[in-house]
Protein chains: 2
Amino acid sequence: MPPVRRAQIVRATIRCLAQDGYARLTMKKVAREAGVSQGILHYYFRDKRDILAAALETVAADLNRRVAVAQARGSREPRARLAAVVRACLDVAVQQREVWVVFIEFWGEMPHDKRLRAINAAVYARARAALGAVVQEGIRARIFRQVRPADAAAVILALVDGVSLQLTFEPDAMPAARAARLVDAVVARYLAPGGGST
Amino acid sequence: MPPVRRAQIVRATIRCLAQDGYARLTMKKVAREAGVSQGILHYYFRDKRDILAAALETVAADLNRRVAVAQARGSREPRARLAAVVRACLDVAVQQREVWVVFIEFWGEMPHDKRLRAINAAVYARARAALGAVVQEGIRARIFRQVRPADAAAVILALVDGVSLQLTFEPDAMPAARAARLVDAVVARYLAPGGGST
DNA sequence: CTTTCTTGATTGGCCGACCAATTATCATCG
DNA sequence: CGATGATAATTGGTCGGCCAATCAAGAAAG
């Protein structure tokens with residue numbers, strides 16, 4: 001029962017964050033949203049920071065899961081797989097807007113909370129490793145040019161994050177599908193064989 | 001005197017945001033940091049939100065200014081100019097860490113505040129216009145391939161934001177100079193003539 | 001009957017906003 | 001030049017309200 005209650009509280013927290021924002025999150029609202037009393041929150045969590053850390057873990061895991069699923073569904077061909085991942089990331093930002101928005105909210109808190117930073121670092125390390133593996137595969141198959149997979153992973157991640165940000169704050173500027181094609185084009189040209197050695 | 005006092009308060013606010021974070025910003029701290037009484041804050045600003053909006057405006061203008069200066073110092077050659085802008089953006093994220101961190105903090109609040117969204121949209125519109133103009137110039141000179149300048153601008157901005165994020169949360173992962181070279185390589189390959197029509 | 005779980009009221013403290021009172025600024029005029 | 005009075009700027013304290021966290025008491029479960 002403990003894990004169930006914890007999850008219930010964490011999910012309520014995420015909903016509150018999506019609705020009102022980090023700065024206006026209160027234990028009262030979380031308890032109300034979860035349908036429990038205020039006291040119970042401190043039975044399952046030491047304090048507010050604990051709940052927030054758990055919320056970031058959940059959000060991050062959720063994002064990772066969705067992207068992993070999309071990647072698994074893609075073909076074996078490295079280019080197609082990268083495209084599938086890119087598309088999945090951007091779709092999350094648009095369709096699962098709430099989850100993505102909460103994740104962005106945590107960015108602002110990370111400089112002030114070591115624990116949140118650690119969770120985020122783990123998420124990005126995993127993401128870079130997964131992307132790097134796909135790139136590596138493409139290099140071996142001579143589909144991609146010789147690049148350091150870690151560099152390529154960082155670049156792809158940065159592109160996706162940056163474009164997702166723009167889609168989040170100015171959704172009307174560009175449909176998600178077009179953004180995905182744009183990012184794909186950049187990645188394809190970055191990894192395509194030929195051209196300079198840079 | 002009014003404008004001086006306002007600026008004084010806004011600068012104090014930005015320092016507080018950099019130090020303690022958005023969620024822990026209080027009028028008391030701002031007043032203390034600015035070296036004025038609490039009451040004065042409500043004399044020059046209607047309420048807390050007003051101060052925060054002014055703070056975002058100042059931060060955004062500051063970022064814009066620094067990048068504009070870097071661009072102006074660059075050569076006339078489009079590729080070099082883009083490189084200068086990229087370098088300037090990444091340098092800001094690393095060297096003017098405080099300003100950049102405060103800007104990120106505002107991202108988390110934007111989904112919940114129309115006014116902050118509007119300010120941000122203006123900033124990005126300006127940035128895209130400036131970048132787009134440089135790209136356009138390169139296209140005319142046949143240095144770059146035919147791309148929609150707006151697309152290229154969005155891509156470069158996304159890359160810079162994404163890489164800046166990673167530099168912010170994991171500063172040891174990569175020195176700023178290497179990040180700049182990496183981004184330059186991606187942009188160069190994206191804009192280089194030849195290759196597919198995408 | 002003991003352990004686990006849950007409640008809702010309480011606590012001390014800090015929050016943003018407001019306001020009456022005080023002080024500085026400055027144009028005007030004796 | 002110096003007094004005067006209106007206006008602008010500034011103070012510090014007060015207000016109701018909400019915050020996170022605690023706790024004693026009771027309900028459920030085994």
Side-chain angles (χ1 to χ4, degrees), chain A residues 1-59 102 105-106 108-110 112-116 119, chain B residues 1-58 102 105-106 108-110 112-116:
Chain A
M1 190 61 58
V4 174
R5 271 273 178 280
R6 275 181 71 97
Q8 177 186 7
I9 292 169
V10 168
R11 273 188 283 109
T13 303
I14 294 170
R15 284 197 300 275
C16 286
L17 287 173
Q19 215 161 59
D20 300 339
Y22 200 105
R24 284 160 298 282
L25 182 82
T26 69
M27 300 294 270
K28 197 180 202 169
K29 284 183 187 173
V30 172
R32 205 176 132 72
E33 179 72 29
V36 296
S37 74
Q38 290 189 54
I40 211 76
L41 302 185
H42 286 90
Y43 183 79
Y44 286 104
F45 296 90
R46 186 144 38 89
D47 55 18
K48 194 182 175 184
R49 283 184 69 213
D50 252 32
I51 297 183
L52 285 164
L56 175 56
E57 271 169 0
T58 299
V59 166
V102 170
E105 285 173 10
F106 276 107
E109 292 300 315
M110 281 175 199
H112 311 289
D113 191 320
K114 199 173 185 175
R115 193 148 156 222
L116 300 182
I119 296 169
Chain B
M1 192 60 59
V4 174
R5 270 275 181 280
R6 275 181 69 99
Q8 179 185 7
I9 292 169
V10 167
R11 274 187 282 108
T13 304
I14 294 170
R15 283 197 300 276
C16 287
L17 287 174
Q19 216 162 59
D20 300 340
Y22 200 106
R24 285 160 296 282
L25 182 83
T26 69
M27 300 294 270
K28 197 180 202 170
K29 285 183 187 173
V30 172
R32 205 176 132 74
E33 180 72 30
V36 296
S37 72
Q38 290 190 54
I40 210 77
L41 302 185
H42 286 90
Y43 182 81
Y44 286 105
F45 297 90
R46 186 144 40 88
D47 54 19
K48 196 181 174 184
R49 284 184 68 214
D50 251 33
I51 296 183
L52 285 164
L56 175 56
E57 269 168 2
T58 299
V102 171
E105 285 173 9
F106 276 107
E109 292 301 313
M110 282 175 198
H112 311 288
D113 192 319
K114 198 173 184 175
R115 192 145 156 225
L116 299 182

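Chain naming here is simple, since letters A, B, ... match the order of the sequence lines and numbering starts at 1 in each.
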Chemist: In whole Å, I'd like the distance from the CD atom of A:Gln8 to the C1' atom of C:dT6.
Modeler: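 Nearest whole value for this atom pair: 12 Å.
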Chemist: What's the shortest heavy-atom distance between A:Tyr44 and A:Arg6, and which atoms?
Modeler: O-NH1, 3.0 Å
Chemist: State which residues pass salt bridge (Lys or Arg N to Asp or Glu O under 4.0 Å) with A:Arg32; sequence neighbours excluded, sorted by chain then number.
Modeler: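 None.
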Chemist: What are the atom names and distances for every N/O pair under 3.5 Å that joins the protein to nucleotides 15-17 of chain C?
Modeler:
unit_1: C:dG16; atom_1: OP1; unit_2: B:Leu25; atom_2: O; d: 3.3
unit_1: C:dG16; atom_1: OP1; unit_2: B:Lys48; atom_2: NZ; d: 2.8
unit_1: C:dG16; atom_1: OP2; unit_2: B:Met27; atom_2: N; d: 2.9
unit_1: C:dA17; atom_1: OP2; unit_2: B:His42; atom_2: NE2; d: 3.1
unit_1: C:dA17; atom_1: OP2; unit_2: B:Lys48; atom_2: N; d: 3.1

Chemist: Would you kindly give the CZ-to-P distance between A:Phe45 and D:dT22, to the nearest whole Å?
Modeler: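 My rounded result for the distance is 15 Å.
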Chemist: Starting at CD1 of A:Ile51 and ending at C1' of D:dC19, how long is that distance when rounded to a whole Å?
Modeler: 14 Å
Chemist: Check the distance between D:dA20's P and A:Asp50's CG and give it to me in whole angstrom.
Modeler: 14 Å
Chemist: Compute the angle between the rotation axes at the two ends of the helix from C:dC1-D:dG30 to C:dG30-D:dC1, each taken over five pairs, rounded to 10 degrees.
Modeler: 0°
Chemist: Which residues pass the ring pair (Phe, Tyr, Trp, His ring centres under 6.0 Å) test with B:Tyr22, not counting sequence neighbours?
Modeler: B:Phe106
Chemist: Just jot down the salt bridge (Lys or Arg N to Asp or Glu O under 4.0 Å) partners of A:Glu109, sequence neighbours excluded, or say none.
Modeler: B:Arg24
Chemist: Which side-chain N or O atoms in residues 34-42 of chain A pair as donor and acceptor under 3.5 Å with protein atoms at least two apart or in another chain?
Modeler:
none

Chemist: Under the side chain to side chain donor-acceptor pair (under 3.5 Å) test, which residues partner B:Gln8, sequence neighbours left out?
Modeler: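 Partners of B:Gln8 by the side chain to side chain donor-acceptor pair (under 3.5 Å) criterion, ordered by chain and then number, come out as B:Arg5.
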Chemist: What residues form a side chain to side chain donor-acceptor pair (under 3.5 Å) with B:Asp50, not counting sequence neighbours?
Modeler: B:Arg115
Chemist: Indicate whether OP1 or OP2 belonging to C:dT6 is found under 4.0 Å from a side-chain N or O atom of A:Tyr43.
Modeler: no
Chemist: Restricting to pairs with a member in residues 7-19 of chain B, which pass salt bridge (charged side-chain N to carboxylate O under 4.0 Å, His left out), not counting sequence neighbours?
Modeler: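 Checked against salt bridge (charged side-chain N to carboxylate O under 4.0 Å, His left out) - neighbours excluded - the pairs reaching residues 7-19 of chain B are B:Arg15-B:Glu33.
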Chemist: Check the interface with nucleotides 20-27 of chain C: list each N/O to N/O pair with the protein under 3.5 Å, or write none.
Modeler:
none

Chemist: I'd like to check A:Asp113 versus A:Leu52 (side-chain heavy atoms, cut-off strictly below 4.5 Å). Are they in contact?
Modeler: no
Chemist: Do A:Val10 and A:Glu57 have side chains that approach each other closer than 4.5 Å (heavy atoms only, starting at C-beta)?
Modeler: no
Chemist: Run the salt bridge (Lys or Arg N to Asp or Glu O under 4.0 Å) test against B:Asp20 and tell me which residues pass, sequence neighbours left out.
Modeler: B:Lys29
Chemist: Once you round it to whole Å, what is the distance between P of D:dC23 and CD1 of A:Ile40?
Modeler: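 From A:Ile40 CD1 to D:dC23 P: 16 Å.
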